Amino acid sequence: MHSEGMLFAELARVSQEVAATSARTRKTALLAELFRDAEADDVPIVIPYLAGRLPQGRLGIGWKLLSRQIAPATGPTLTVREVNARLTEIGTVSGTGSQAERSRLVGALLAAATEHEQRFLIGLLTGEVRQGALDALAAEGLAAATGAPPDAVRRAVMLAGSLQAVAGALLADGPPALDRFRLTVGRPVWPMLAHTASSVAEAVGKLGECAVEEKLDGIRVQVHRDGDDVRIHTRTLEDITDRLPELVAVARELGEQRFILDGEVIALDENGRPRPFQETSGRVSSRVDVESAARQVPVSPVFFDALSVDGRELLDLPFAERHAELARLVPEPMRVRRTLAHGPDDVAAAEEFLTETLARGHEGVVVKGLDAPYSAGRRGASWLKIKPVHTLDLVVLGAEWGSGRRTGKLSNLHLGARNPDGSFAMLGKTFKGMTDALLAWQTERLPELAAEEHRWGFTLRPELVVEIAYDGLQRSSRYPAGVALRFARLVRYREDKSPAEADTVETVLAAHPGVAARPGAAG
DNA sequence: TTCCGACAGTGGGGTCGCAAT
DNA sequence: ATTGCGACCCCACTATCGGAA
């Protein structure tokens, strides 16, 4: 006897129901029910699908390839296993003509899917299932389905770096299987992340005994060494070992055979000052001619935490003890610069450290509680980052229709600074910082200023001024002034200000002297 | 009862590699 | 040679739920 397993339509139905439910407890219950019904062979597929991901990862299929309409099937026939097999096939197509072949295969799969199934499938392929439940709720559902403690399931997932692996073991062998998922050198762990604080004083006030560390504007790396075997992973656990030969060499020279370190790689100039993020990013993205990329833009590792050293698991130790291990293993220049603060009395010294750090060209500081464990996969309350915030008064040049819960609302604003001739140069867009009330307001108000209407929204007469917060400028080949705002967000509308009082391109550039526009790019 | 941590969603700019043009 | 697309790097902020205080 051989079962065909679960119908794909069942997954689409549950996803739809999860999306239509707001209570998380109910979402979890719906997921748990589905997970319990899945046969062992289907589990490795059903779990990631309902967490909004494909077990194969991304397949090179995006919105463009999925944009054409395909007549849906009239009835559900696809099984979970068949869908998975066909997606695996699509993922392996490569070479000349591969886009056309992929498109054909995706089209055939969509043609075999009902309308509901198509919607779910497109969500999976684009990574935008939008059912209000991803890995975290799927893990909760898994716990509910198996009777395992949710905290233990979450911890296993973080240490395994994989929900799928934990799900398979748990559904096959029950809660005792969780014990198998321990921190393992060579297997990446979801990294700990930081919250934002508005000032050093606030962060030190909250954390008491703490370390104040430089925040470097580079790429997060988790480095595993087991003898000669070194692996390097990014924040999302992607393996980038082959792109960073100099980091592999460094790891092999440290004084222990087995360890897991957490840190950042960053490109520095000859004076040790950070190069623009774009250069570090470009270097770390280079995969084809790594040797020449490494010669042109070498990167330096800067470590700030140790998760495991010489077989000892350090995750649950206080940061102070983990750092002591780090300091024992990693020599000074490869450790992040830091100072200690013992509470409110040391706020001034911590602020001074931030000032120095900024003067050295770095982006800010991270304040870390000395008694806190390493909260893998979480935005721990014990890591607080502080970066200076700049603001500008810019003019709204356009507005785009939003999507998802912002459908029907004008959302993304086009932002411009004043040119000497009275025209405006666009410096970027923002959709951040808007409350529902503000979205409603600007959806009413902005069309009154319409200059042109488009499918995507409006271009507007330059009459409204907005106060915009941002983290800095970066070079841009897209915008006319040759620069773009980094992480722009709306602070408030300034209806008290006229466009003639808005900031000029010149003042914007002057505020960031390191980021000159490229010759000929000035608008 | 109120507060706050965790989550998901809504997108921003950039780079690279690859396929199509 | 150039362009468009997709994957992934950095990321801020708001709404909501539900447990903690």
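Convention: sequence-line order gives letters A, B, ...; per-chain numbering from 1. All values reported here derive from a predicted model rather than from experimental measurement.
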Q) Does A/Arg486 put a side-chain nitrogen or oxygen below 4.0 Å from OP1 or OP2 of C/dC10? A) no

By the Watson-Crick or G-U definition, both distances under 3.5 Å, C/dC10 is matched with B/dG12

| message | Using OP1 and OP2 only, check whether a side-chain N or O of A/Lys27 sits under 4.0 Å from B/dA8. | response | no

Quick note, A/Thr236 side chain, CB onward, closest among B/dA8, C/dC9, C/dC11 is C/dC9

May I ask you to verify if any side-chain N or O of A/Lys432 is less than 4.0 angstrom from the OP1 or OP2 atom of B/dG11? no

Considering only heavy side-chain atoms of A/Gln99, the closest of C/dC9, B/dA20, B/dG12 is B/dA20

Ranking C/dC10, C/dC17, B/dG17 by distance to the side chain of A/Ser22, first place goes to C/dC17

- Going by an N to O cut-off under 4.0 Å, is there a salt bridge joining A/Glu89 and A/Arg86? no

By nearest-heavy-atom nucleotide on DNA chain C, the more 5' of A/Arg287 and A/Val284 is A/Arg287

Of C/dC11, B/dT10, B/dG13, the nucleotide closest to the side chain of A/Phe277 is B/dG13

#### Entry: Whether A/Arg406 side chain and A/Asn412 backbone form a donor-acceptor pair below 3.5 Å
no

A/Arg154 atom CZ is separated from C/dG19 atom P, nearest whole Å, by 12 Å

Determine: side-chain N/O of A/Tyr479 to OP1/OP2 of B/dG13, distance under 4.0 Å, yes or no.
yes

Mind checking whether A/His512 and A/Tyr470 have ring centres under 6.0 Å apart? yes

Between CG of A/Leu427 and P of B/dG14 the distance, given in whole Å, is 11 Å

Please determine if a side-chain N or O atom of A/Lys385 lies less than 4.0 Å away from the OP1 or OP2 oxygen of C/dA12.
yes

query = Can you find a donor-acceptor N/O pair under 3.5 angstrom joining the side chain of A/Arg405 to the base of B/dT10?
reply = no

Of the listed B/dG11, C/dG18, B/dG14, the closest approach to the A/Ser403 side chain comes from B/dG11

Considering only heavy side-chain atoms of A/Arg489, the closest of C/dG18, C/dA12, B/dC16 is C/dA12

Comparing A/Ala133 with A/Gly402, nearest DNA chain B nucleotide closer to 5' gives the residue A/Ala133

Walking DNA chain C from its 5' end, the first of A/Gly62 and A/Ala488 to be reached, judged by nearest nucleotide, is A/Gly62

note: A/Asp289, atom CG; B/dG17, atom C1'; distance rounded to Å ~ 13 Å

When rounded to whole Å, the CG to P distance for the pair A/Leu485 and B/dG11 reads 19 Å

Testing C/dC9, B/dT10, C/dC13 for proximity to the side chain of A/Arg130, the answer is B/dT10

- Message: Below the 4.0 Å mark, does B/dG11 have OP1 or OP2 next to a side-chain nitrogen or oxygen of A/Ser411?
- Response: yes

Sorted by chain and residue number, the ring-ring contact (aromatic ring centres under 6.0 Å, His included) partners of A/Trp456 (sequence neighbours excluded) come out as A/His414, A/His454

Among C/dG18, B/dA6, C/dC11, the one nearest any side-chain atom of A/Lys387 is C/dC11

Note: for A/Gly282 and A/Asn412 on DNA chain B, the residue whose nearest nucleotide lies more 5' is A/Asn412

Determine: side-chain N/O of A/Arg24 to OP1/OP2 of B/dC7, distance under 4.0 Å, yes or no. no

Q) Is A/Thr435 touching bases, backbone alone, or none of the nucleic acid, heavy atoms closer than 4.0 Å? A) sugar-phosphate

From the candidates B/dG13, B/dG17, B/dA8, the one with an atom nearest any side-chain atom of A/Leu137 is B/dA8

| query | Would one find a side-chain N or O of A/Ser476 under 4.0 angstrom from OP1 or OP2 of B/dG13? | reply | no

With a 4.0 Å cut-off, would you call A/Arg220 and A/Glu264 a salt bridge? no

With sequence neighbours left out, the residues meeting side-chain hydrogen bond (donor to acceptor under 3.5 Å, both in side chains) with A/Glu128 are A/Arg130

From CD of A/Glu238 across to P of C/dC10 the rounded distance in Å is 11 Å

Side-chain contact check for A/Ser286: nearest option of B/dA19, B/dG17, C/dA12 is B/dG17

**Message:** Under 4.0 Å from OP1 or OP2 of C/dC13: is there any side-chain N or O of A/Thr196 that close?
**Reply:** no

One should read off an interatomic distance between A/Leu216 CG and A/Leu268 CG, to the nearest 0.5 angstrom, of 8.0 Å

